[in-house]
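Order of the sequence lines sets the chain letters (A, B, ...), proteins ahead of strands, with each chain counted from 1.
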Amino acid sequence: MQDKYLPADIERAAQQHWDSSEAFRVTADASKPKYYCLSMFPYPSGKLHMGHVRNYTIGDVLSRFHRMRGYNVLQPMGWDAFGLPAENAAIKNKVPPAKWTYDNIAYMKQQLKSLGFAIDWSRELATCTPEYYKWNQWLFLRMLEKGVAERKTQVVNWDPVDQTVLANEQVIDGRGWRTGALVEKREIPGYYLKITDYADELLSDLDELEGWPERVKLMQANWIGKSTGVRFAFSHTVGDENGLIGDGKMWVFTTRADTIMGVTFCAVAAEHPLALHAAKSNPELAAFIEKCKHGSVMEADMATMEKEGLPTGLFVTHPLTGQQVEVWVGNYVLMSYGDGAVMGVPAHDERDFAFAKKYSLPIEQVVAVGDKAYSLDAWQEWYGSKDGVCINSGKYDDLGYAAAVDAIAADLAAKNTGEKKVQWRLRDWGISRQRYWGCPIPIIHCDACGSVPVPDDQLPVVLPEDCVPDGSGNPLHKRLDFLHVDCPKCGKPARRETDTMDTFVDSSWYYARYATKFGADKMVDEETDYWMTVDQYIGGIEHAILHLLYSRFWTKVMRDVGLVTYREPFAHLLTQGMVLAPTYFRELEGGKKEWVNPSNVTESVIGGKRYAWVQNDGLDFGETNLVEGRGNQSKIRISASKLDVIRDDDEHGKQSVVIVAGDRVQIGGVEKMSKSKNNGVDPEALVKQFGADTCRFFIIFTAHPEQSLEWSDAGVEGAYRFLKRVWTFGHAFATDIRPQIGATRTLASAKLPDALAAFRREIHLLLKQANYDLGKQQFNTVASATMKMLNAIEKAPREGALAAEVIEECFGILLRVLSPLTPHISHALWNQLGYGNDILAAAWPEPLEAALVQDEIELMLQVNGKLRGSLRVPADATKDAIEAAALAHEGAIKFLEGRPAKKVIVVPGRLVNIAG
RNA sequence: GCCCGGAUGGUGAAAUCGGUAAACACUGCGGACUUAAAAUCCGCCGCCGCAAGGCUUACGGGUUCAAGUCCCGUUCCGGGCACCA
């Protein structure tokens, strides 16, 4: 056996073994419990980043752990291969998105393999292949048939120079990313999936998802946003030659019908028919509406922008008081929520209050809480409270919130002008994208027949893969061979739809496709019934709402089409935290920042302040300067061609001088690894330098899976050092310890000497803790436990057959607990130390009760809640005996200072607290 | 702005049900080995204090024999906000 730890050799051999034995290829097997472990598939952006490595390491730990516990484990992998970055790369490099994407997949696949994940590669898929996206198209057609998909208008960001639709990401400060032109809102037709039809079920089924984090369920529930309120109409006589607008009714929705008597104005969206009508004769209003068209379609911008409005000069009639109420246009009213109009109750709605103050509109208090006094000076929290009673509200006076809403809803209903209604915040899912690199929407536009679905036998509608977008719109418009098609209905020349599907469609059902036998001409087959649902899903918290909600919706549609029987796709969800790294930059002329990669930066603390610099690129050893200085008592020795001197005083006035080689850079914050901040750490370089096991171990060890992880080069070296020690001990075991073991094992029946028993107990205790933590999916402390085990094993007695047997048992436990984290080294040692052929086939270790027993335990002694000592008592001591021992303890006597003990609390196995 | 999280030593973090705060590491410092360096091994390391002891889990209150953990309020940081994935 090799005495040095050589990760490259060990890892190559282990991976070859897994490959040649097809170790991770699985099929349905009814004799075993199944465990479907799924990590969110990567976008093939070019190279793996640390977020991927973290995600798949967590998944791999779970997969390997369950496999050793006897589960039939499926862990697949694939590629979320359509999307905007491929088009951006095409614009930049003049390479078709398809080529860029497939090249990236090939590269990243080899990177994934080098990390030793237990993946069944026979199930690999890429969403940009026709055999996959055919089924997007097929199910979309079923949705059209069922009325779940429909065509209507959508609001998009329009770049007037490039004449193209922009993604939100491509709008920077209200301007197009390439042209710098002011972006406009524009309405165009597109396809929608009616996720709102499933709102109730998507909300109520959250209760079934016991394996999901509460916060994710809460976020989803808030996103769906069920609110019960009253929808009612203000009547009016505004109309034109086509009759009254909206049949003389302006509908609004409110959750605060109890404040209806406090309405002093109404506000409508800029796109509302009443606003458009008024604008015809009001140039100022027309200009305001035009202004509202520019600006963001994003909710965050809508919510933070200055609330502005303009009166329309139109009036509507309050349905209960009969009073005339002026209608304003407000830039904060969304046409897409409810009916695009709201009632304005400034006394009890914070936004209305600010609006009324700004435009000097009347404010009338109609709710009172206790004896609190209402004032118009500033908004008070209680103005919006539902805990008060109605005042100044005629017949509704003195009613509480619920009673008032009921009474008002009943009166509105009696007048046939309103009713209670459930309103959802959730909007329908617009899936049309005016973009090339996506799944074609299977529709043909015919002048005679309209929008005609592509017949099933003509699927898939294949996307030409050789287009190169140039940023000025969808290149499919110029592809006549794609565009020209005969109408399936009437046979006359027609035109294909050029819009493609949102990439969230692709990722809404890939998990079901992995579980299907490929080749079968079906979207999913019987094998899915065995594997689904996904037992464990792992991915970034940033997907907590959209991707997960769309996947749940898509599953329910597949169920309603009769494809599957389950109603939820993911039983357990683990939301991993982000991978962060420090950022560094140089300030360039004009205030621009040039970001410097952390791998080129050296940092030091000088006089209590942090400094960073980039080592000189061209270190010139021909003219080496050797400099020795003193700073903070430490010697600094550097060789460089360019030097920089940093001087600083710490808070005690001591001056430090440090001479550094290189250019100073500014220290930014610790942020998510990203290209834009140039703070990514390359996993490939790391694997080359230290091996996959070190990389995996560091990632698992350094943070709880759900928490963000801060990158540290020094920490990686610590992980490497640990694995070296594991290997070194394995070598010592093989050469010095194992040879002491006799022909027959005696451990099971032997009475161990105290030191050996204590050591064995420690390992089994650590194992018990590790198993508990694995159950909690807290892998960082499992990694700690393996380090503690090695610390104990290295110090354990190793002379004699019995000691060797205990070490054999304990090191075997360590190797197995380590194997999901660092499978390569575990594989090599398990095999070479004679534990067995393949650690994958070994059973997961369980602690032995016999090894855990102890005679004496230590209890902490507190006096008035403060720690004053400890006492050793027999493990089976009674409460009275413990009390007596505690009161007799010198620490207790000293700190009670002669006072009698008022109360003695004994917490079994932990502590005694004397109150005196 | 709205919704959801988070905050513990010089650093990453641990503390299971309210019961020893800082396990396990990293950095740093001291030492051994070495001609030297690397590697490895041993020791020390929250703050104040000579000590006894006191203080300490972002900040301010509260509940409790006992609070990092529960409750109320505040600040700061992060994620999402529907066309980035």
Problem - Presence of A:Arg868 side-chain N/O under 4.0 Å of B:G54 phosphate oxygens OP1/OP2 - result: yes

Practice task
Quickly work out the A:Asp773 CG to B:A15 C1' distance and round it to whole Å.
Solution key: 11 Å

Problem - N/O (side chain, A:Lys903) to phosphate O (OP1/OP2, B:U64) under 4.0 Å - result: no

Practice task
Report the residue (A:Leu709 or A:Thr304) whose heavy-atom-nearest nucleotide on RNA chain B is the more 5′ of the two.
Solution key: A:Thr304

Completion exercise
Base orientation of B:G78, chi within 90° of 0 counted as syn, else anti, reads anti

Practice task
Would you please confirm or rule out a distance under 4.0 Å between OP1 or OP2 of B:G80 and any side-chain N or O of A:Gln220?
Solution key: no

Exercise for the section: Report yes if a donor N or O on one partner sits less than 3.5 Å from an acceptor N or O on the other, where the partners are the side chain of A:Asn222 and the base of B:C3; otherwise report no. Expected result: no

Handout entry: Phosphate-side-chain proximity, A:Asn780 and B:A25, N/O vs OP1/OP2 below 4.0 Å
Key = no

Handout entry: Under 4.0 angstrom between A:Lys724 side-chain N/O and B:U40 OP1 or OP2
Key = yes

Fill in the blank from the handout: chi for B:C48 classified (syn = within 90 degrees of 0, anti otherwise) as anti

Practice task
Could you work out which one of B:C84, B:A82, B:C65 sits closest to the side chain of A:Arg425?
Solution key: B:A82

Exercise for the section: Determine the contact category for A:Gln778: base if any of its heavy atoms lies under 4.0 Å from a base atom, sugar-phosphate if only primed atoms, P, OP1 or OP2 are that close, otherwise nothing. Expected result: sugar-phosphate

Problem - Donor-acceptor pair between A:Asp159 and A:Trp177 side chains, under 3.5 angstrom - result: no

Exercise for the section: May I ask you to verify whether the side chain of A:Gln862 and the base of B:C65 hold a donor-acceptor pair under 3.5 Å? Expected result: no

Practice task
Give a yes/no answer on whether the side chain of A:Arg721 brings an N or O atom under 4.0 Å of OP1 or OP2 in B:C26.
Solution key: yes

Problem - Side-chain N,O (A:Arg433) to OP1/OP2 (B:C83) below 4.0 Å - result: yes

Practice task
Check every atom of B:G19, B:C83, B:U16 against the side chain of A:Arg910 and return the nucleotide holding the closest atom.
Solution key: B:G19

Practice task
Could you say whether A:Leu218 or A:Ile188 is positioned toward the 5' end of RNA chain B, judged by the nucleotide with the nearest heavy atom to each?
Solution key: A:Leu218

